[in-house]
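These notes concern the structure reproduced below.
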Protein chains: 2
Amino acid sequence: MIRVLLAEDQAMIREALAALLSFEDDIEVVAQVGRGDEVVRAAEASGPDVALLDIEMPGIDGLTAAAELRRARPQTKIVILTTFGRPGFLRRAMESGVSAFLVKDSPADKLACTIRRVLAGDRVIDPDLAAAALAEGISPLTPRERDVLGASADGATIAQIAQELYLSEGTVRNYLSSCIQKTGARNRTEALRLAEERGWL
Amino acid sequence: MIRVLLAEDQAMIREALAALLSFEDDIEVVAQVGRGDEVVRAAEASGPDVALLDIEMPGIDGLTAAAELRRARPQTKIVILTTFGRPGFLRRAMESGVSAFLVKDSPADKLACTIRRVLAGDRVIDPDLAAAALAEGISPLTPRERDVLGASADGATIAQIAQELYLSEGTVRNYLSSCIQKTGARNRTEALRLAEERGWL
DNA sequence: GCCGGGGCATGACACATGTCATGGCCGGCT
DNA sequence: AGCCGGCCATGACATGTGTCATGCCCCGGC
C-alpha cells in the first residue's frame with residue numbers, strides 16, 4: 001500500500017480528493033491537514049510515502065512546506081497539486097526538491113498515476129508548464145526592486161512605501177520605474193500583476 | 001435516487017467531488033460539465049434534480065448560468081459551490097433564485113446534507129456569510145462607475161479606458177475619483193481591490 | 001409647470017507618479 | 001592599481017492621476 005499525506009486548505013476539496021484516492025486499491029490516505037505549518041508534524045506522525053501538497057494554504061504555503069518536509073524526511077516524495085500553473089511556482093517547486101507538479105485541471109486519473117510514478121523514482125512535470133517556465137527565465141529584478149514592488153501591493157502610495165523601507169521617495173520611484181521597464185508594463189499596478197504571474201516576487 | 005449535475009472547471013476537482021458523492025447511496029451524478037455555457041444543455045439532456053455549480057468557470061460564470069438554468073428548468077434546484085464567500089456573490093446568487101450557497105472550505109459532509117435539504121425545499125445559506133452580505137449593503141456605485149472601474153482592471157492607463165468607453169479622459173478620472181471616495185480607498189488600484197472583495201462589480 | 005436631486009460628462013488645477021541623468025559603492029577582471 | 005559593470009540611492013523634470021467646480025439632461029415630487 002502506498003501511504004499518502006494530503007495537505008489542502010479547503011476541507012471539502014481535501015475530503016473529495018481523499019474519496020477519489022480511496023478508489024485506488026494500492027493507495028491509502030494516512031493523514032490529512034488543512035494548514036501548511038502542520039505538514040511536517042503530520043508527516044512525522046504518520047510516515048507517508050508521498051505527500052500531496054496544495055500551494056495556497058494558511059500558515060506557511062505549500063512550497064515552503066515542501067522545502068521543510070524535504071529537510072525533515074527526505075525519503076518522502078512530494079507532489080505539488082495546485083490551481084495555478086504559474087511558471088514561477090514550478091521553478092520554486094523544483095528548487096525545493098519536489099518530485100511532481102500537477103495542476104488541478106488535469107484529468108483525475110493523472111493523480112493516482114502520478115503518485116505511482118513518483119514512488120518509482122520518476123519526476124512528473126506538465127511539459128507545457130515546463131516550457132513556459134524555461135521560456136520566461138529567472139527573475140531580472142534585483143532584491144531591492146523586489147522589496148519595493150512587493151511593498152506596493154494592496155495599493156499603497158509611494159510615500160508609504162518610502163517610509164516603510166526607509167528610502168527617499170525618489171528612490172522608490174526609481175525602483176518602481178525599473179520594475180515597470182523590466183516587466184514591460186505600463187504602470188506599477190500592471191508591473192505587480194505581471195511579476196506575480198511570473199513568480200518574480 | 002437524487003439526480004445531480006456537476007459543473008466545475010477544474011477536472012480533477014470535479015471528478016473528486018463526483019467520487020465524494022458516489023459514496024452516498026441516494027445520490028447519483030448524472031452529468032458533469034467543465035464550462036458555464038454547457039450547463040443548460042447538459043441539464044436538458046440529463047434532467048437532474050439538483051445542479052451543483054462552481055462560480056469561476058470559462059464560458060459564462062456560474063451565477064449567470066444559474067439564472068439561465070432557472071429560466072430553462074425552474075424545477076431544478078441550484079446549489080452554488082465556490083471558493084470565495086464574497087458577499088456580493090451571495091447577493092447575486094439569491095437574486096438568481098439559487099437554493100443554497102456553499103463555500104469549499106466547509107466540511108465535506110455538508111455537501112450531501114445540503115443537496116438533500118434543498119430537494120426538500122429548504123434554502124441553505126452559511127449564517128456568517130449572510131450576515132456579512134447584509135452588513136456591507138448593496139453597491140453604492142452607479143452603472144457607469146462600475147464600467148469604468150471594471151475597465152481599469154489589469155492596470156490599463158486612463159487614456160486607454162477613455163478610448164475603450166468613448167469618454168473624455170477627464171470624465172474617466174472623475175468616475176474613478178468617485179469610486180475611490182465611495183470605497184474609501186487611496187487610489188484606483190485599492191478601489192478596484194475593495195470593490196471586487198465586496199462584490200460591487 | 002417648476003423645482004430639486006441624481007447620474008452623466010467636461011475642463012482646469014494640484015499633486016502623485018514615472019523617467020532620466022547623475023554619483024557613490026562594491027566586486028570581478030586585466 | 002586601475003578599469004568596468006552592476007546595484008543602490010538621490011533629485012530635477014515631464015507626464016499621468018485625483019479633486020474640484022461646473023453644466024446638461026432626465027425623472028419624480030410638489
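- The heavy-atom pair separating A/Ala66 from A/Ile80 by the smallest distance is CB-CD1, 4.4 Å.
- Salt-bridge check for B/Lys104 with B/Asp54: passed, with a basic side-chain N closer than 4.0 Å to an acidic carboxylate O.
- The distance from atom CD1 of A/Ile161 to atom P of D/dT10 is 15 Å, rounded to the nearest whole Å.
- B/Ser152 and B/Leu192 get closest at one heavy-atom pair: O-CD2, 4.3 Å.
- Side-chain N or O atoms of A/Arg14 include none that pairs as donor or acceptor with a backbone N or O of B/Pro107 at under 3.5 Å.
- A salt bridge is defined here as a Lys NZ or Arg NE, NH1 or NH2 lying under 4.0 Å from an Asp or Glu carboxylate O, and A/Arg193 with A/Glu197 meets this definition.
- Shown here is B/Lys182, whose NZ atom has more than 12 heavy atoms of other residues, nucleotides or ligands within 6.0 Å.
- Proximity of B/Arg144 to B/Thr171: side-chain heavy atoms (C-beta onward) are nowhere separated by under 4.5 Å.
- Of the residues near DNA chain C, B/Pro143 and A/Arg186, the one whose nearest nucleotide (by heavy atom distance) lies more toward the 5' end is B/Pro143.
- At least one side-chain nitrogen or oxygen of A/Gln181 sits closer than 4.0 Å to the OP1 or OP2 atom of C/dC20.
- Between the NZ atom of A/Lys182 and the P atom of C/dG18 there is a distance of 16 Å, rounded to whole Å.
- Sorted by residue number, the members of residues 167-176 of chain B with any non-hydrogen atom under 4.0 Å from DNA chain C read B/Leu167, B/Ser168, B/Gly170, B/Thr171, B/Asn174, B/Tyr175.
- One interatomic measurement links the two molecules: CD of A/Glu190 to P of D/dT17, which rounds to 12 Å at whole-angstrom precision.
- Put simply, CG on A/Leu165 is 10 Å from P on D/dA9, counting in whole angstrom units.
- Neither OP1 nor OP2 of C/dG6 sits under 4.0 Å from any side-chain N or O of B/Thr142.
- For B/Ile180, counting side-chain heavy atoms from C-beta on, the closest listed nucleotide (D/dG18, C/dC8, C/dT17) is D/dG18.
- Atom-to-atom, CZ of B/Arg146 to P of C/dG7 comes out at 11 Å; the value is rounded to the nearest Å.
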Between B/Leu111 and B/Leu17, does a side chain to side chain contact (heavy atoms under 4.5 Å, CB included) hold up when you go through it step by step?
-> CA-CA 9 Å; B/Leu111 184 57; B/Leu17 287 170; 4.1 Å; yes

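- When the C1' atom of C/dA16 is taken as reference, atom CD1 of A/Ile158 falls 7 Å away, rounded to whole Å.
- Listed here is the closest heavy atom pair of B/Leu53 and B/Ile78: CD1-CG2, 3.9 Å.
- Distance B/Glu145 CD to C/dG7 C1': 8 Å, rounded to the nearest Å.
- Residue-level contact check: B/Ser177 touches the bases, meaning some heavy atom is under 4.0 Å from a base atom.
- Helix-axis bend for the helix from C/dG1-D/dC30 to C/dT30-D/dA1: the local axis fitted to the five terminal pairs at one end deviates from that at the other end by 10°, rounded to 10°.
- Considering only side-chain N and O atoms, A/Gln160 lies nowhere under 4.0 angstrom from the phosphate OP1 or OP2 of C/dA16.
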